[in-house]
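First comes the structure, then the notes that go with it.
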Amino acid sequence: MRTLIIDDESLSRSLIRKFCERSGQIEVIGECENGFEAVKAIDEMKPDLIFLDVQMPKLSGIEVLELIAHQPKVVFSTAFDQYAVEAFEKRAIDYLLKPYLYERFEKAIQNVMQTQSLGWAEGLQEEWHKESKPQRLVIKDGDKINLIEHTEILHIDAYDDYVKVFTHEGRFLKKQTMAHLERTLPEDQFIRIHRSHIVSVDKIARVESVDKGKYQVVMKNEVRMPISRNAYPSLKERLGW
Amino acid sequence: MEPLLRAKYRYIRIQFILIAFLGSIIFSIRYFSEGDVNTALWTVLLIALEVSVGGLTIWKVFQFYQPRATFSFNPLFILVTLTLMYGLAFYTLSNYNPWISRDQLYNIGWPFHLVGMLCVYWILFYEWWFLKNEIRNDYNLQRLLNLQEDLKNSEIKNIQQNIQPHFLYNSLNSINSLMLIDQDEAQKMVVKLSDFLRYSVLKNQEMFDRIEDELQQLERYFSIEKIRFPSRLFYQLECSEELLPRKMPSMILQPLVDNAIKYGLYGQIDRCDIHIRFTEVNETLYIEVSNNFDGSSEQKAGTGYGLKSLHQKLFWLYGDDNLLKTTRDGNLFKATIRLPQLKNENLNY
């Protein structure tokens with residue numbers, strides 16, 4: 001099994017390397033000390049398995065999962081990130097709680113080898129988002145990783161399997177579903193006005209009537225988007241009339 | 001029942017009693033002077049109406065007004081305005097209402113109207129002088145209770161801070177790794193960590209420490225952290241020889257150091273340089289904790305409990321609220337503590 005070790009502490013990486021050698025089944029093909037390196041390495045080297053530390057500077061382990069195209073199996077490790085732990089437990093995913101012994105490591109490896117599905121991807125991110133309530137979206141743009149604060153987002157449009165996120169800086173494509181975003185973006189900042197549109201409440205300039213019974217939202221930058229019949233009452237309530 | 005609520009209910013009860021008393025007096029005077037129950041009743045009713053309307057108006061106006069300790073013209077101005085409005089309303093009512101004739105209304109006699117007005121003003125007077133004091137006392141009591149609660153919590157937090165579970169936890173994790181990789185280093189770390197804890201517990205009981213001891217503790221702390229991040233964490237502790245034996249308050253540097261590590265080390269993926277410097281200028285000791293951080297993120301002086309207790313402690317010891325300053329210059333963050341040095345032997349400085 002080809003494996004990447006991703007952890008910001010070099011001691012932890014050395015320990016995992018030693019454990020891998022001891023198990024005899026795992027070949028370590030590389031080490032990464034932060035999320036940015038990890039995303040690059042995973043997509044380039046396409047490992048079968050990764051050891052992923054959840055708490056890393058700037059980009060967390062779970063955000064790394066959001067950004068990779070190739071999907072390896074994952075053994076998570078965490079110190080005490082309460083959000084990660086709760087998210088893992090809700091999804092019945094195994095994780096290594098530092099510090100741990102070789103026996104525990106071995107058991108985690110066996111678990112991972114035995115499962116067929118990954119199971120963790122979409123569901124885990126959603127759970128983690130719900131628990132930790134991050135204030136930003138992470139989006140990959142070629143080789144560049146963008147960290148976009150929720151306050152920068154103007155609106156989000158559906159785009160096949162992706163979504164298009166609009167900010168003052170430009171637009172970004174993210175492989176995500178509208179439903180996931182609707183569930184995980186903070187309710188007080190964002191509202192879904194249409195099957196294909198989520199808008200940031202603060203950036204709304206006004207709501208206009210287009211036709212009998214049909215309305216549209218006009219944003220502060222003059223962009224217009226239709227409001228679906230179903231969404232209109234709850235939008236009214238949110239805006240307070 | 002909450003003391004404030006009790007005060008309010010007492011106030012209302014007294015009002016009712018006094019108004020009933022006043023009402024009966026007015027009734028009796030009127031009855032005995034005119035000999036007519038109807039007139040007497042009308043008088044009482046009208047006075048009651050005047051007092052209620054006047055009182056309600058004043059209550060509505062002053063409801064959110066905070067009584068001040070010093071005399072202020074504002075309430076007086078409002079009262080005069082209200083009186084004029086009241087007079088106008090009375091005039092209009094007496095001339096243009098379909099229920100009572102003007103004569104009947106005027107027949108009540110101006111002394112009774114005056115009594116009505118005085119009742120209204122008296123309500124205000126009471127509100128101002130007596131209730132103000134009551135409320136103030138109750139607030140004081142509440143604040144005292146809150147303070148006690150705060151102190152209890154802070155004692156607990158103090159102990160927690162001293163033990164610093166996260167740091168302890170991370171260190172044990174490192175030792176676990178080191179045992180397989182480099183056993184000598186593992187042993188060294190165990191010893192370093194126990195020294196750190198020993199000093200931590202000790203200094204919890206003292207108000208002041210020697211600068212030299214604080215520096216040693218910082219050295220232990222940083223060297224342990226450096227084992228976790230050998231290529232990313234770099235630190236420098238700078239202090240001249242003559243300052244080493246001086247005393248400084250204990251527990252004030254840790255929140256700043258934690259903050260520097262949080263933003264400088266955990267908050268970015270580049271190298272972190274932390275610089276701690278002790279200097280003395282004009283009999284004032286300056287302690288500077290600076291770190292580089294990610295310019296695009298917002299490093300603050302630190303939120304939460306550590307900073308609050310730091311401020312409180314400094315204020316308590318030196319009586320000055322302005323002893324902690326932070327500056328941001330590009331991607332360099334600097335927190336400076338200013339400690340006035342008194343040359344009084346007895347004060348342990």
Side-chain angles (χ1 to χ4, degrees), chain A residues 5-23 31-40 51 53-61 63-64 77-82 85 96-105 134-136 144-149 151-152 169, chain B residues 160 163-190 192-193 223-234 259-274 291-299 303 331:
Chain A
I5 301 175
I6 304 160
D7 195 309
D8 64 326
E9 292 184 41
S10 60
L11 275 179
S12 299
R13 295 197 299 269
S14 303
L15 180 71
I16 295 177
R17 199 181 259 275
K18 273 221 164 339
F19 280 173
C20 287
E21 281 167 23
R22 190 161 153 185
S23 88
E31 292 184 15
C32 304
E33 71 168 355
N34 61 61
F36 301 94
E37 278 181 26
V39 171
K40 195 155 179 264
F51 290 93
D53 180 18
V54 173
Q55 295 100 7
M56 288 193 290
K58 281 226 100 169
L59 204 60
S60 79
E63 284 172 332
V64 165
S77 71
T78 174
F80 36 70
D81 183 333
Q82 76 228 56
V85 170
L96 288 171
L97 196 55
K98 299 183 193 178
Y100 48 84
L101 298 172
Y102 177 72
E103 284 74 27
R104 185 66 186 82
F105 172 87
Q135 300 290 357
R136 63 186 191 184
K144 192 162 177 292
I145 293 176
N146 295 298
L147 307 171
I148 299 178
E149 300 284 318
T151 49
E152 296 176 55
E169 312 289 318
Chain B
Q160 279 179 346
I163 300 178
Q164 283 173 264
H166 281 198
F167 175 70
L168 182 56
Y169 184 87
N170 280 326
S171 308
L172 288 173
N173 190 34
S174 301
I175 293 171
N176 186 48
S177 301
L178 277 172
M179 289 208 277
L180 283 190
I181 294 163
D182 187 340
Q183 285 169 336
D184 286 334
E185 278 300 316
Q187 269 201 308
K188 284 194 196 140
M189 190 140 165
V190 167
K192 236 181 246 183
L193 186 61
S223 71
I224 291 174
E225 282 286 276
K226 179 125 178 135
I227 294 178
R228 290 173 62 209
F229 302 101
S231 52
R232 277 218 298 139
L233 175 61
F234 294 88
N259 195 48
I261 288 199
K262 178 175 167 192
Y263 286 96
L265 187 58
Y266 302 152
Q268 57 170 349
I269 58 177
D270 301 316
R271 165 190 169 131
C272 168
D273 286 276
I274 298 182
N291 64 280
N292 62 327
F293 71 110
D294 185 337
S296 65
S297 76
E298 279 295 303
Q299 174 165 3
T303 54
N331 58 354

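Every chain is numbered from 1, with letters handed out A, B, ... down the list of sequences. All values below come from the heavy atoms of this structure, side chains included, with hydrogens, waters and symmetry mates left out. Bear in mind the structure is a predicted one, so any value in this text is a computation, not a measurement.
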For A:Lys18 and A:Glu21, what are the C-alpha separation, side-chain angles and deciding distance, and is it a salt bridge (Lys or Arg N to Asp or Glu O under 4.0 Å)? CA-CA 5 Å; A:Lys18 273 221 164 339; A:Glu21 281 167 23; 5.2 Å; no

Run the side-chain contact (heavy atoms from CB on, under 4.5 Å) test on A:Asp7 and A:Glu33 for me, step by step, so that the C-alpha distance in whole Å, both residues' side-chain angles and the decisive distance to 0.1 Å come before the verdict. CA-CA 5 Å; A:Asp7 195 309; A:Glu33 71 168 355; over 6 Å; no

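Counting heavy atoms of neighbouring residues, nucleotides and ligands inside a 6.0 Å radius, atom CD of A:Glu103 exceeds 12 of them. For CD of A:Glu149, the number of neighbouring non-hydrogen atoms (other residues, nucleotides, ligands) closer than 6.0 Å is greater than 12.
Neither the backbone nor the side chain of B:Ile175 comes within contact range of chain A, judged by heavy atoms closer than 4.5 Å. Of the two parts of B:Phe229, only the side chain, counted from C-beta on, holds a non-hydrogen atom closer than 4.5 Å to a non-hydrogen atom of chain A. Residue B:Asn170 touches chain A through its side chain alone, counting heavy-atom pairs closer than 4.5 Å. Of the atoms belonging to A:Tyr102, not a single heavy atom falls under 4.5 Å from chain B.
Your options are A:Ser12, A:Pro57, A:Gly35, A:Ser10, and the one with the most heavy-atom pairs under 4.5 Å with chain B is A:Pro57.
In this structure a side-chain-to-backbone donor-acceptor pair under 3.5 Å is present from B:Asn176 to A:Tyr100.
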